[in-house]
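Notes follow once the structure below has been shown.
Residues take their numbers from the sequence shown, with the count starting at 1. Start at 1 and go down the list; that is how both ligands and their atoms are numbered. The structure presented is a predicted model; accordingly, all values stated were derived computationally and were not measured.
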Amino acid sequence: MPCNHGPVKLLLATHESSMGHDTGHGHPERPARITAVVRGIMNSGIPVEHLSPAPATTGLLTTIHDGAYVAALERFCAAGGGAIDADTAAGAASWEAALRAAAAGPAVCDALLSGAADLGYVAMRPPGHHALNDRAMGFCLFNNVAVTAAHLRGLGARVAIVDWDVHHGNGTQDSFYSDPDVLYLSIHQEGIYPGTGSLAEMGRNEGLGHNLNIPVPARTGGGFYRRAVAELVVPVVSQFSPDWLLVSSGYDAHAADPLAGLQLLAADYGDMARRLASVVAPQRAVVFLEGGYDLEALEDAAAATVQGWLDSGYRIDASTEGITPEAYLDRAAASIARFWQLE
Ligand SMILES: [Zn+2]
């Protein structure tokens, strides 16, 4: 039960090890991203409680990741690291950063269970939603949100994951593709990295209908996202009735982002957050920083996310730009309506 402990509060997980993860000169996934997100949250006007996560144990990591992959990544970092693929790099200090980023979500959930705050926010790096069980990719080493969902599943909880990063969270999708107790919904730009996330990828076996992708074309604006969340995501999550809601909150669908082609503004994240807050109990939601590479957009959108979620003065009236491709909305609705009732 939610406890009445005065003003709404945010539990913010950060650690200095996030600043030591060195991806190389000029890489967009850089330490200043964390500084920007934390600045936005600290200036949001919301009371913040801090949490400093311990490193993940191997036992926690192997709820999602292959033991041989975990051991190989540790050896790779200990030997000084380097490039893992064309996008992804790790250095000596990346091991500790990755361990603490992976353990942050479970630690935040445990603290929320004892009433520490109304909402959790994990502002750590490396991000996680592209990491596969046996492979780093797309700037991600361990799948932080998936590790958290696995931790919650271990406590018997049903978990919904909403992923509004502009890229499809292929690693998260893979982790729970057959699991009917983890609902994964992603809105993302079609035709860009990592190439997965079509409407047809809806889960398998028992998990069929519990993996929902809403791809959108370049130039899509916040109006589409607001409608997709209101008309598709909220009804589905309400019917699923999760014990916990986790958000893979990349901010790279923002109009200012250099890596993608969508047109969201900070207020759109506030609006989506406000709507999602209505479908889960207080103290049962955690927001995870994923992508987002424009520092000002990160600062503003992170602030809007926590303000929208905690209903604390975000700018609902800010204008949105870009297109609202009705055909994409209709097609996604038709697909989702095979499994879930939409109004
Ligand atoms: Zn992304």
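With 2.8 Å as the limit, D165 counts as an N, O or S neighbour of the Zn ion (ligand 1).
Minimum-distance N/O/S atom of D252 relative to the Zn ion (ligand 1): OD2. Atom ND1 is the N, O or S atom of H167 at the shortest distance from the Zn ion (ligand 1).
Aromatic ring centroids of Y269 and Y251 lie under 6.0 Å apart. Annotation: H129 is not in aromatic contact with F288 [ring centroid separation under 6.0 Å not met]. In this structure, the ring of F139 has its center less than 6.0 angstrom from the ring center of Y293.
Just one residue in the list T196, N213, D163 forms a side chain to side chain donor-acceptor pair (under 3.5 Å) with Q173, and that residue is N213.
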